[in-house]
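Reviewing the structure listed below.
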There are 2 protein chains.
Amino acid sequence: MVTLKDVAREAGVSPKTVSRVVNDDPAVNVKTREAVSEIIQRMHYVPDHAARMMRMSHSSVVGVMTDAVATTPYSVDIIRGAQSGLREQARTMLIANTDGDPKQENEYWKVFRAHKVAGAVYATTYHRPVDLGAPDFERGIVLANCYSARRSHCSVVPDDEGGGYMQARHLIELGHRRIGIVSLSPVLRATVLRGAGYRTAFAESGLFYDPSLEVPGFVTRPDGGEDLVAYDASLGLLRRAESPTAIICGNDQIAVQVYAAAASLGLSVPEDLSVMGFDDMTIITHTLKPMLTSVALPYFEIGRTAVDLLARINGESEGPVPPQVLVPCPLVERHSCRQI
Amino acid sequence: MVTLKDVAREAGVSPKTVSRVVNDDPAVNVKTREAVSEIIQRMHYVPDHAARMMRMSHSSVVGVMTDAVATTPYSVDIIRGAQSGLREQARTMLIANTDGDPKQENEYWKVFRAHKVAGAVYATTYHRPVDLGAPDFERGIVLANCYSARRSHCSVVPDDEGGGYMQARHLIELGHRRIGIVSLSPVLRATVLRGAGYRTAFAESGLFYDPSLEVPGFVTRPDGGEDLVAYDASLGLLRRAESPTAIICGNDQIAVQVYAAAASLGLSVPEDLSVMGFDDMTIITHTLKPMLTSVALPYFEIGRTAVDLLARINGESEGPVPPQVLVPCPLVERHSCRQI
DNA sequence: GGGTGGATTGACATCGGTGTCACAACCTGG
DNA sequence: CCAGGTTGTGACACCGATGTCAATCCACCC
């Protein structure tokens, strides 16, 4: 390994001077700097992270702890977003996947401490409350896609209520008046929030919110798993005397089954029925025919915002540190909704 | 920060003895060990990774570099698999997402060097050849989901040929004789390999491979993007005089459109048409009605195998170091294929 | 000529662990 | 009772960087 001393010897200067060049200390003569830089290049010198970290007693690494961000495809974009932000901060990412096991979590908090990480992001697969307990970790923690019920850490979450509002309002603006809803499991926070959004949009336009037009697309089995029953649920909706002209779906998977149910009744999308998804999983939205209009979960932005917030908490960048940041869920228009 | 010395002072022993306890050195009296352990617990002492790494001049971190493992959902399982293996090795993971940009890659190879990572896994989104050039990195590198055309690094890749063989053979065993294929873009290595698999299965059973029954489900646009045209492609197949009784799909997205095309012709799956997917993306396979039989891409296993291989390269575990490991693609039976 | 001050540079201690080697205490057998 | 071995422990240097502070050089001014 090439060390600072090696470079110094080669350049005929002291190690400290090389250190100054490496760290862009302005108090170095231009000629010296150039000579040393040249030698650094030539010798492929890379400063030893461990030594630097030890001396400075903090590292340029941020820990990211997740329950199982891979389970829902695309929530992994939280990781990508975080990575993108960290790159700009010239930081790197130590990642820990705990499968939600508190024992593993504790272990990894220790690992983070051992690595003296500059802070941590705790990301979850679903938007939900978490209780971190009192992790053995003294640096800043930011929650991503989850929030602390006890408000003990600041959090970055998707604006599900706004997303629900967007879904409903877009359809209302297209002229729809009878709008069915095939929702996610009612225990999910997202379902509650989006429901609030629907109602706001309905109320704004003087529409009556008819509870019988909202049916669950997933049901919970006794064993805790979930069954997707959107096909039958939407069939029920579409067979009603006064059937809806549009259906809002709790996610894009539900939309797949709504398409199938409509097809089985000889209805075509969007001529006979407008369909609106949620999540904007391109693997589905681009695959359905016609391509599905959906409201996106801004995972990438959530990850990015989380690391930005972390930098603020650590005082490395300017700006306020709000206890919670809501990231908007943008509407992505494609071809499954039409004016009536 | 609590240091080794603090613990030593508190316990009335030398720092070296504490170090021995931390590292499970057997040459410590049981009573001493217990006393020291107790104090370590009480003081929440965590050994400083940086200091240890500096002294030992290697770290317990493995670098994982990816182009954009998040793009295809589930290929992120490579990361989960790697993590799972590393956990057993008591290692952690430094992750770098380069978006395939060689400049970023070079930057991150340096970061890996600076961190003295024990080795690196280079993972890609699609199964493809890569040319790493000569990265400025002296530790072991294992390729995951990609391979070196110049055989300069060892690799772990899915057995696409075997997967194609499984798809075809399963349908043949169910009695199908006219089998259509809606494939991926022909430029993909996966397409070529699976094609070989189909042919092997056909030949084994004395079936004639009819090229007119194979049509592409994706076409490449002039701008390099891909359009999913499986709907029309499969319509063409199904409208033929002697239409196929089963369709093999290049991936699960294609299967979605095959289902739709079949529905539009009044054909139902699997009664009138058996459909076989590839990739086993549960978000699709569990969503389609009936649920889709598919061949899984073993991303998790690929990630795990890659870090196991890395440990072998580094001599930390026993076993041979083959230049390439093929991970089988298992068939996952659901309800979209039936006996005829 | 001597003093002043800014610009550069270097000597040295230090961060928190671990390797090396010496040393004390305790056995064990002749 | 002592040589020789085993066991347990500690003193000390060192890994590779950086902070502190002092030294040196040079231009400039009175």
Side-chain angles (χ1 to χ4, degrees), chain A residues 1-37 39-40 43-61 90 92 110-118 138, chain B residues 1-37 39-40 43-61 90 92 110-118 138:
Chain A
M1 252 217 46
V2 185
T3 74
L4 205 91
K5 272 181 200 144
D6 300 329
V7 177
R9 198 173 322 113
E10 186 76 13
V13 298
S14 78
K16 181 69 221 196
T17 298
V18 180
S19 167
R20 288 196 175 99
V21 172
V22 170
N23 292 290
D24 281 326
D25 185 326
V28 180
N29 188 294
V30 180
K31 283 188 81 144
T32 316
R33 175 187 307 284
E34 277 170 7
V36 172
S37 296
I39 292 180
I40 287 175
M43 298 181 79
H44 290 268
Y45 168 69
V46 177
D48 184 307
H49 176 76
R52 172 177 272 174
M53 176 157 120
M54 188 163 101
R55 198 62 182 74
M56 318 225 289
S57 81
H58 75 263
S59 88
S60 60
V61 177
T92 45
K110 273 204 191 119
V111 171
F112 284 1
R113 273 225 292 162
H115 282 261
K116 289 207 183 93
V117 299
E138 61 279 357
Chain B
M1 254 217 45
V2 185
T3 73
L4 211 127
K5 274 178 197 145
D6 299 328
V7 176
R9 197 173 324 115
E10 185 77 13
V13 297
S14 78
K16 179 72 223 197
T17 299
V18 180
S19 167
R20 289 193 174 99
V21 172
V22 171
N23 292 290
D24 282 327
D25 185 327
V28 180
N29 188 297
V30 179
K31 283 189 82 148
T32 315
R33 174 188 308 285
E34 277 171 5
V36 172
S37 297
I39 291 180
I40 287 176
M43 297 181 79
H44 292 269
Y45 167 70
V46 177
D48 184 307
H49 176 76
R52 171 178 276 173
M53 175 157 120
M54 189 164 102
R55 197 63 180 77
M56 319 227 288
S57 80
H58 75 263
S59 88
S60 61
V61 179
T92 44
K110 274 204 191 119
V111 172
F112 284 1
R113 273 224 293 161
H115 281 261
K116 288 205 183 96
V117 299
E138 61 278 358

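As a basis for the values below, the full set of heavy atoms in this structure was taken, side chains included, without hydrogen atoms, waters or symmetry mates. A note on names: the letters A, B, ... follow the listed sequences, proteins ahead of strands, and every chain is numbered from 1.
Contact check, S14(A) against dG10(C): a side-chain N or O comes under 4.0 Å of OP1 or OP2. Side-chain nitrogen and oxygen atoms of T17(A) include at least one within less than 4.0 Å of the OP1 or OP2 phosphate oxygen of dG10(C).
Straight-line distance from the CE atom of M56(B) to the C1' atom of dG16(C): 13 Å, rounded to whole Å. R55(B) places its CZ atom 18 Å from the P atom of dT14(C), with the value rounded to the nearest Å. Between H115(A) atom NE2 and dG16(C) atom P the separation is 17 Å, expressed in whole Å. One atom, CG of D25(A), and another, P of dA7(C), lie 12 Å apart when rounded to the nearest Å. Atom C1' of nucleotide dG16(C) and atom CZ of R113(A) are separated by 15 Å, given to the nearest angstrom. The distance from atom NE2 of H58(A) to atom C1' of dC15(C) is 14 Å, rounded to the nearest whole Å.
Within the 4.5 Å cutoff, the side chain of L4(A) has heavy atoms near those of the Y45(A) side chain. Proximity of V61(B) to H49(B): side-chain heavy atoms (C-beta onward) are separated by under 4.5 Å at one or more points. In this structure, V2(B) and V7(B) have side chains that are in contact, with non-hydrogen atoms separated by less than 4.5 Å.
Heavy-atom nearest nucleotides on DNA chain D were determined for N23(A) and for V13(B), and the one closer to the 5' end corresponds to V13(B). Judged by closest nucleotide on DNA chain D, G12(B) is the one of A51(B) and G12(B) placed further toward the 5' end.
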Quick one: side chains of residues 10-19 of chain B, donor-acceptor pairs under 3.5 Å with protein atoms, not counting sequence neighbours, listed by atom name and distance.
from   : atom 1 : to     : atom 2 : distance (Å)
S14(B) : OG     : K16(B) : N      : 3.4
S14(B) : OG     : T17(B) : N      : 3.3
S14(B) : OG     : T17(B) : OG1    : 3.3

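Within 4.0 Å of V28(A), counting heavy atoms only, lie sugar-phosphate atoms of the nucleic acid but no base atom.
When atom types are taken as modelled, the side chain of R33(A) and the backbone of D25(A) share a donor-acceptor pair closer than 3.5 angstrom.
Side-chain to base pairing of K16(B) with dG17(C): no donor and acceptor N or O lie closer than 3.5 Å to each other. Contact annotation: side chain of R20(A) to base of dT8(C), donor-acceptor pair absent below 3.5 Å.
Taking 4.0 Å as the cutoff to heavy atoms of chain B, we find the contact window on DNA chain D bounded by dG8(D) to dG16(D).
A pairwise comparison of heavy atoms in S59(B) and M53(B) identifies CB-SD, 3.0 Å as the closest pair.
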Derivation and outcome, side chain to side chain contact (heavy atoms under 4.5 Å, CB included), residues R113(A) and M1(B): CA-CA 10 Å; R113(A) 273 225 292 162; M1(B) 254 217 45; over 6 Å; no
